[in-house]
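Note sheet for the following structure.
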Amino acid sequence: MVWQDIVISIGGWAATFALVPTLIGRDKPAISSCFFTFTIVASFSICYATLGLWSSTVSSGVLALA
């Protein structure tokens, strides 16, 4: 596992945990904002997979779904 995979993965998990209050709270962001963010983060996940950064692929995939 390369160090870049570890750093990107930690960032992905941190961002996912930062979204927890939004996920369980009553107020939600606009659907257009959610779709835009999903598209960007999902494309990052695909790029990480093609580079063989599997830990980053999983963490950004979870972030995209969150």
Specify the closest pair of heavy atoms between Thr22 and Pro29, including all atoms of both residues, with the distance to one decimal. CG2-CD, 3.7 Å
Would you give the length of the straight line joining atom [atom1] of [X] to atom [atom2] of [Y], rounded to the nearest 0.5 angstrom?
{"X": "Phe38", "Y": "Leu65", "atom1": "CZ", "atom2": "CG", "answer": "6.5 Å"}
{"X": "Ser59", "Y": "Ile6", "atom1": "OG", "atom2": "CD1", "answer": "12.0 Å"}
{"X": "Ser45", "Y": "Leu53", "atom1": "OG", "atom2": "CG", "answer": "10.5 Å"}
{"X": "Ile40", "Y": "Ser60", "atom1": "CD1", "atom2": "OG", "answer": "13.0 Å"}

Are Tyr48 and Asp5 close enough, and set up right, to give a side-chain contact (heavy atoms from CB on, under 4.5 Å), and what steps lead you there? CA-CA 9 Å; Tyr48 297 147; Asp5 192 22; over 6 Å; no
Donor-acceptor under 3.5 Å (Thr37 side chain, Cys34 main chain):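 Pair absent, no side-chain N/O of Thr37 close to backbone of Cys34.
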State yes or no: do [X] and [Y] share one hydrophobic cluster built from I, L, V, M, F, W and Y residues joined by side-chain heavy-atom distances below 4.5 Å, directly or via other members?
{"X": "Phe36", "Y": "Leu19", "answer": "no"}
{"X": "Ile8", "Y": "Ile46", "answer": "no"}
{"X": "Val7", "Y": "Phe17", "answer": "no"}
{"X": "Val2", "Y": "Trp54", "answer": "no"}

Counting heavy atoms not belonging to Ile31, are there more than 12 under 6.0 Å from its CD1? no
